[in-house]
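A short write-up of the structure that comes next.
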Number of protein chains: 2
Amino acid sequence: MNLKQLSDQLGLSQTTVSRALNNYPEVNEHTRQRVKLAAREYNYHPNTRATRLATGRAMTVGHVIPMNSTEVFNPIFGEFIAGASQAYSRRGYELLLTMADEDMEESIYRGIASKGSVDGVIIHAPRVNDSRIKLLQQLQLPFVVHGRDHSNTSDYSWIDMNNRRAFYQATKLLIDLGHKNICLVNGSETLNFARRRRQGYVDALCDDQTGANPDLMYSGDLNEANGYSAAATALGQSDAPTAFLVSSYVGALGVRRAIHEAGLEIGSDISVIIHDDELSYFQNDGDIPQFTATRSSVRDAGERAAGMLLDIIDDPNQAPLTELLDAPLTIGSSTGPLKK
Amino acid sequence: MNLKQLSDQLGLSQTTVSRALNNYPEVNEHTRQRVKLAAREYNYHPNTRATRLATGRAMTVGHVIPMNSTEVFNPIFGEFIAGASQAYSRRGYELLLTMADEDMEESIYRGIASKGSVDGVIIHAPRVNDSRIKLLQQLQLPFVVHGRDHSNTSDYSWIDMNNRRAFYQATKLLIDLGHKNICLVNGSETLNFARRRRQGYVDALCDDQTGANPDLMYSGDLNEANGYSAAATALGQSDAPTAFLVSSYVGALGVRRAIHEAGLEIGSDISVIIHDDELSYFQNDGDIPQFTATRSSVRDAGERAAGMLLDIIDDPNQAPLTELLDAPLTIGSSTGPLKK
DNA sequence: AGGATATTTTAAAGCGCTTTGGTTAGACTG
DNA sequence: CAGTCTAACCAAAGCGCTTTAAAATATCCT
C-alpha cells in the first residue's frame with residue numbers, strides 16, 4: 001500500500017492524505033480521522049526512502065565505532081548506544097552503526113557525509129588531538145563528542161565527565177588511607193579521557209609530595225587479560241603496590257584475578273578503586289558495592305548525547321552544546337587502610 | 001555535488017555518468033575512466049536516499065536487539081554485530097540498530113517491514129516458541145536467526161552452534177573427572193540456546209546414572225552479579241557442588257568471585273567449564289587457557305550470518321540456508337579431578 | 001559505397017513521498 | 001448582491017537517482 005493507492009481508496013488527493021497524516025492544520029478534522037483510520041486499517045506507513053528523498057533528511061544518526069584488531073567492541077559502547085537509541089526512537093530517528101578501523105575512519109566519515117545517509121554523528125572515544133573533530137567541522141556535519149579533546153580549543157558540542165577530578169579524588173582517598181604505592185591501570189593514553197585521568201592521579205600524588213612512579217602506571221586497551229597482566233606485573237615488583245586505581249570495571253576484573261592469584265584479599269590486604277560506567281552486565285551496586293568507585297552512567301550519557309545531537313540537527317545554527325557530568329566517589333568494600 | 005552537476009561538468013548525460021560509475025558494460029572504457037576520475041576529484045558520492053528510492057532497495061540490514069530493564073546490551077551482541085558489520089561493509093550494506101523491549105518487538109518489526117527501511121533482519125537470541133520467526137515469515141521480510149527455535153519446525157535460515165552436544169561433552173568431562181555435584185549456571189531458559197544446553201547437561205548426567213539435581217541448576221540473565229549469586233548460593237548448600245558449568249564468560253566472572261570468596265581454588269578445589277564466545281574483551285586463550293571451555297567465535301558467527309542474509313536478499317527464492325557450527329571442548333587450567 | 005550490425009550515448013519516465021501554488025465552495029461583509 | 005475571506009482540497013513540480021526505450025555514432029561486410 002502506498003500513498004497513491006491509499007488516496008485513491010479514500011477518493012482524496014495525495015496531498016490531502018499526506019497532510020492529514022502529518023497533522024497539517026489545513027485539513028478538516030473529520031477528513032483527518034477518516035484518513036488516519038484507513039491508514040491504520042491498511043497498515044500504511046509512508047515509505048521512508050521516499051520521505052527521506054522528498055524532505056532531504058535522513059532521519060538517521062550515525063555511530064562510528066573505533067575498532068582495532070584486538071579490541072572489537074567495548075561493552076561500554078554497547079551501553080552508550082542503548083541509551084542513545086532511547087532518545088532516537090522517542091524522536092523518530094534511526095541509528096546507523098559502522099565499525100571502523102582507525103585507518104578507514106576518515107574515508108568512512110567522508111562517505112557518510114557526502115552520501116547523505118545520516119543527519120549527524122556521535123564521535124566515540126576521542127583521542128588527544130583527534131582528527132575527526134576537525135574533519136566533521138569541515139564537512140559541516142552536525143556531531144556531538146562523547147568526551148572531549150582537551151588539545152582542541154575550537155568550539156564543538158560534547159558531553160563528558162570530569163575525569164581529572166574523579167581520579168584526583170580517588171587517588172586522594174587512597175593516599176588518605178595511607179597508601180603510597182598506588183598502581184594506575186589506565187586505558188590507552190592516546191585517548192583523551194585516559195590522559196585526563198592520569199593527570200588527576202599524578203596531581204594528587206604530587207600534591208601529597210609522594211610523587212608519581214612511572215613503574216606503577218599501566219596504559220593500554222583495558223580488557224580482562226590486560227588488567228590481569230598489568231596487575232600481575234605490578235604485584236611481582238620488589239616495591240609492590242598496595243592499592244590499584246583501575247579505569248574500568250572490565251579491567252578491574254583482571255586486576256581482581258591477579259590479586260587473588262597473589263593470595264591477597266581485596267579490601268583488607270590491598271585496596272582497589274575503579275571507575276564504574278554502570279554497565280548493566282557489570283553492576284557494582286547494592287548497600288555496600290563490591291568496588292569503591294567513581295561512578296557515572298554511560299547509558300545516561302548516551303541518552304543525553306543523542307538528545308543534544310537531535311537538538312543540533314533541528315537547529316544547526318545554535319551555539320555548541322556542552323554538558324559536564326559528575327562522577328561521585330562511592331565507597332564500597334574494596335578499600336581499606338594500608339596494612340602495616 | 002549531485003549527478004546532474006557532475007554530468008553537466010563532464011558534458012555527458014546523467015544516464016552515461018550513472019552507468020559509468022555503476023560499471024555497466026555499455027559505456028566506453030575511456031569515458032568510464034574519465035567519469036570515475038571526475039567523481040573522485042569532486043568527491044561525488046551518489047545520494048543514498050535517491051538511490052534507494054530509485055532502486056527500491058534499502059541497502060540496509062536491521063538488527064533488533066532484545067532488551068529488558070536490567071539487561072541492556074549483552075557484550076555478546078556487540079561482538080556479533082562487529083562481525084556482521086564486516087560482511088555488510090564489504091558488500092556495500094549498512095547496519096540499522098534498534099533496541100527493543102519485548103513488548104515493543106512486534107510493532108517494531110511491523111514498522112520496519114512496511115516502511116521499507118531495511119532489506120532484511122537478523123533475529124537475535126531466539127526464544128522457545130519465538131513469535132518473531134512466524135511474524136517475519138508472514139511479513140515476507142528476509143531474515144536469518146542467530147540460533148534456532150527447536151519448537152518451530154518450519155523452514156527458515158539460521159546459524160547456530162551445537163549447544164546440546166557441547167554441554168553434553170563438557171558435563172561428561174566433569175563426570176569423568178569424578179565430579180557428581182555439578183552446578184549448571186545457565187542463561188535464561190526462555191531462550192532456546194539455554195534450553196538446549198541444559199538438555200545436554202541433563203542427558204550426560206542421566207547417561208551416567210547420576211541424575212540431575214534441580215537444586216544445582218541456575219537459569220537467568222547471565223551477568224556478573226547473577227553468576228556470583230548463583231554460585232554463592234550453590235556453594236552455601238549442604239551438598240555443595242564441586243564443579244560448575246557456566247554458559248558465558250561474563251557469568252563465569254561472577255562464579256569465579258564466589259569461589260574465591262568461599263576460599264576455594266579453581267582447578268584444584270573446584271572445577272569450572274564455561275562456554276567461551278571468544279569476546280575480544282574477555283579472551284580465554286594462551287597455551288593453557290584460564291578456563292576449560294567449549295568454544296565458538298560469536299564474531300565469526302556474526303560475519304557468517306550477515307553473509308547468509310545478504311545471499312538471501314540477493315536471491316530471496318532460494319531454499320533456506322543453515323549452518324551448524326562446532327564448539328569444541330578445549331582444556332584449560334580450571335578443571336581437575338575431584339578432590340577426595 | 002552503403003546497408004546491416006554493434007557500440008555508445010541520450011531523453012525521459014519513473015521510484016513514493018512532500019510541498020508550492022493554485023482552485024473551489026461556502027461564509028461573511030457592507 | 002457583488003466583493004472579500006477563509007477553510008478545505010487538489011494538480012503538478014521536485015527530491016536525485018536508475019532504467020527503459022530510442023537515437024546517434026562507429027564498425028563491419030559484401
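Throughout, a chain's letter reflects where its sequence line sits, starting with A, and its residues are numbered from 1. Note that this is a predicted model, so its numbers are computed, not measured.
- Remark: P of C/dT23 and CD of A/E26 are 17 Å apart, rounded to the nearest angstrom.
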Under the salt bridge (charged side-chain N to carboxylate O under 4.0 Å, His left out) criterion, do A/R299 and A/E278 qualify, and how do the steps go?
-> CA-CA 8 Å; A/R299 188 181 175 196; A/E278 303 193 27; over 6 Å; no

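- Remark: P of C/dT18 and CG of A/L3 are 7 Å apart, rounded to the nearest angstrom.
- For C/dT8, the base has no donor-acceptor partner in the side chain of B/T16 [N/O atoms by modelled type, under 3.5 angstrom].
- Distance, B/Y24 OH to C/dT7 C1': 18 Å, rounded to whole Å.
- Within the 4.0 Å cut-off from OP1 or OP2 of C/dT18, at least one side-chain nitrogen or oxygen of A/N22 is found.
- Contacts of A/T51 with the nucleic acid, taken as non-hydrogen atoms under 4.0 Å apart, involve only primed sugar atoms and P, OP1 or OP2.
- Within the 4.0 angstrom heavy-atom criterion, only backbone atoms of the sugar-phosphate kind lie near A/T31; the bases stay farther away.
- Ranked by how close their nearest DNA chain C nucleotide is to the 5' end, A/T15 and B/N28 are led by B/N28.
- A/Q140 CD: 12 or fewer foreign heavy atoms inside a 6.0 Å radius.
- A heavy-atom distance below 4.5 Å is not found between the side chains of A/V61 and A/D119.
- Each of B/E29 and B/L53 lies near DNA chain C, and the nucleotide nearest B/E29 is the one positioned closer to the 5' end.
- Contacts between chain A and DNA chain D, taken as any atom within less than 4.0 angstrom of a protein heavy atom, begin and end at D/dA8 to D/dG16.
- Side-chain contact of B/R32 with B/Y24: a donor-acceptor pair under 3.5 Å is absent, judged by distance alone.
- One finds a salt bridge joining A/D314 and A/R91 here, because a Lys/Arg side-chain nitrogen approaches an Asp/Glu carboxylate oxygen to under 4.0 Å.
- Checked by distance alone, B/R19 brings a side-chain donor or acceptor within 3.5 Å of a matching partner on the base of C/dT10.
- Using bins of under 30°, 30° to 60° and over 60° for the plane-to-plane angle, the ring pair B/F77/B/H124 lands in the perpendicular bin.
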